[in-house]
Amino acid sequence: MTHAFQAPKGTRDFYPPDMAVRRHLESVWRSVSINHGFEEVDGPTFEHLELYTVKSGPGIVSELFSFRRAGGKTEYALRPEFTPTLGRMVASAIKRLSPPVKWFSIPTMFRAERPQRGRLREHVQWNVDVVGDASPAAELEVLAVLIGVLRRFGLTDRDVTIKLSHRQVVTELLLGAGLDEARLPAAFDLLDRRDKLPAAEFDERAATLGLDAGTLEVFRPGGQSRIDPAGVSEHFGQLLSALDDAGLASWYTTDFGIVRGLAYYTGTVFEVHATSGRERAIAGGGRYDGLVELFGGPPTPAVGVAMGDVVLRLVLEETGRLSTPETYLPRPDVFVINLLETTGLRDRTVAELRDAGLHARHSHRATKKLGKLLSEADQLRARFAVILGREAEEGRAVVKDLAAAKEEEITLDTLATTLRDRCHAKPEDQP
RNA sequence: GCGACUGUAGCUCAGUUGGCAGAGCACCUGGUUGUGGUCCAGGAAGUCGGGGGUUCGAGUCCCCUCAGUCGCCCCA
């Protein structure tokens, strides 16, 4: 009895075109991170469950996939985020690391929640962290690589905005507005939910906390565009100046309605949003100076950001920055067409081309109709077609440049080296 | 955990008050000898998500179930 299996809820099968898009995203993340001087790390896909409950409390357990080995009692959990692993890794290796540590990773993450738009149970997430630098220079490095990635994807400061905030600034603004200190958590929670609540309900809840509508204007995007450096947060003021000096002013706006739910953020917090406003945050991050210490290391300042592939892809599609998935598949350098009755020459030719480092393919169809085979080469978007036909008797093959629609005869002896040189001379034309 | 909506060909979908399951795209073959996005002709292709019920008869109506999507909760 056969049984039709389906992928588990909230997971994805990556068939070749989707896998090619995923590799495109990952390659942008990776190459920009490296250009900015970050080094790639990874950790285990699952950790001890306590690694997450220590940081987020027991309530987190219902949000993640946890399990134990059959017969064992140790509890594990598939990683729902990378920051605890990073904190653990830094804490245990801090003595042989020379700060600032600049690491990035591209791990898969898991969460047990119900899937919805922009939110699945398994996704790929780019993480970047600067550990060991308490100055605004650390935030600047993280935001610079973040903007570098956005730009490389073709996004502009008109497509996306980084909403910058600072928890101490938010705290001071709330207290300054007359909020009772005991009500700070409730106020943070309310600010976090502003976009989800009807305006009237938001105002009503704010009023019960003792906050009037006028006071709340400062918590809107762009509200209070500059913080007095000598006032609320010198650190935040310096960060804004550094961003402006680096020429990145157009990429951010202050938004003190951004507080981020994570308890471990200690200062700067930020989110990247599409200006369309229709999607969840593309990326989020901030400063978490207490995390390494929490995992047994010395007090160590840190700043990080994370960007998931799901929302990113939605935004790239919405803004027209992603072409059809098929165009991300690797293009063959050479498509060998065999018009001869035997396959020996074809197989030797393909082998030589591959040995020369070229991406070489041939048809698996039985037809000898040249038109059909050229059509197949065209569909695969091959650069060159090599036709093995009657010229082979004189030791030559027809080489056709498929884009230029030009062809010439080349001796079989020099075929591999000639094509290798031509393909490598061409710039990468992946989209 | 709660709610709404949607499941028909590989893809996007149509299918009237229940009456023989369709279109476009894609695919395959041909339009006689070795030249690729066009054109013409033909062809293949579906347990109508699954199960049960009502009926002479169900893609269509009713119940259950599975899956997906979008919200709520939660959010790393």
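Proteins come first, then strands; the chains are lettered A, B, ... in the order of their sequence lines, and each starts at number 1.
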Subject >> Sole candidate of Arg381(A), Arg383(A), Arg354(A) that passes salt bridge (charged side-chain N to carboxylate O under 4.0 Å, His left out) when paired with Asp333(A) >> reply: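 Passing option: Arg383(A).
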Original post:
Within the pair Arg117(A) and C70(B), is there a side-chain N or O less than 4.0 Å away from OP1 or OP2?
Top reply: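 Arg117(A) to C70(B) OP1/OP2: side-chain N or O found under 4.0 Å.
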Original post:
Looking only at side-chain N and O atoms, does Gln116(A) come under 4.0 Å of OP1 or OP2 in A4(B)?
Top reply: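 Negative; the distance criterion is not met.
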Determine the Euclidean distance between corresponding [atom1] atoms of [M] and [N]; express it in Å to zero decimal places.
N: A44(B); M: A9(B); atom1: C1'; answer: 11 Å
N: U12(B); M: G7(B); atom1: P; answer: 12 Å
N: G49(B); M: A67(B); atom1: P; answer: 16 Å
N: C61(B); M: U17(B); atom1: P; answer: 10 Å
N: U65(B); M: C73(B); atom1: P; answer: 26 Å

Pair partner, [N] [Watson-Crick or wobble, under 3.5 Å]:
N: G22(B); result: C13(B)
N: G59(B); result: none
N: A41(B); result: U29(B)

Original post:
For every nucleotide of nucleotides 33-42 of chain B, 5' to 3': is a protein heavy atom under 4.0 Å from its base (B), only from its sugar-phosphate (S), or from neither (-)?
Top reply: -BBBB-----
**OP:** Answer yes if the side chains of Trp126(A) and Ser33(A) hold a donor-acceptor pair under 3.5 Å, and no otherwise.
**Re:**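 Yes - a donor-acceptor pair under 3.5 Å links their side chains.
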**OP:** Scan side-chain atoms only and decide if Gln168(A) and His235(A) contain a donor-acceptor pair under the 3.5 Å cut-off.
**Re:**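 Their side chains do not contain a donor-acceptor pair, so the 3.5 Å distance test is not met.
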Original post:
Between Ala112(A) and Gly10(A), who's closer to the 5' end of RNA chain B by nearest nucleotide?
Top reply: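 Looking at RNA chain B, the more 5' nearest nucleotide goes with Gly10(A).
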Subject >> Earlier contact from the 5' end, RNA chain B, for Lys9(A) and Phe110(A) >> reply: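 Nearest-nucleotide comparison on RNA chain B picks Lys9(A).
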Original post:
Side chain of Arg119(A), base of C75(B): donor and acceptor closer than 3.5 Å?
Top reply: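 It does, because a donor-acceptor pair links the side chain of Arg119(A) to the base of C75(B) below 3.5 Å.
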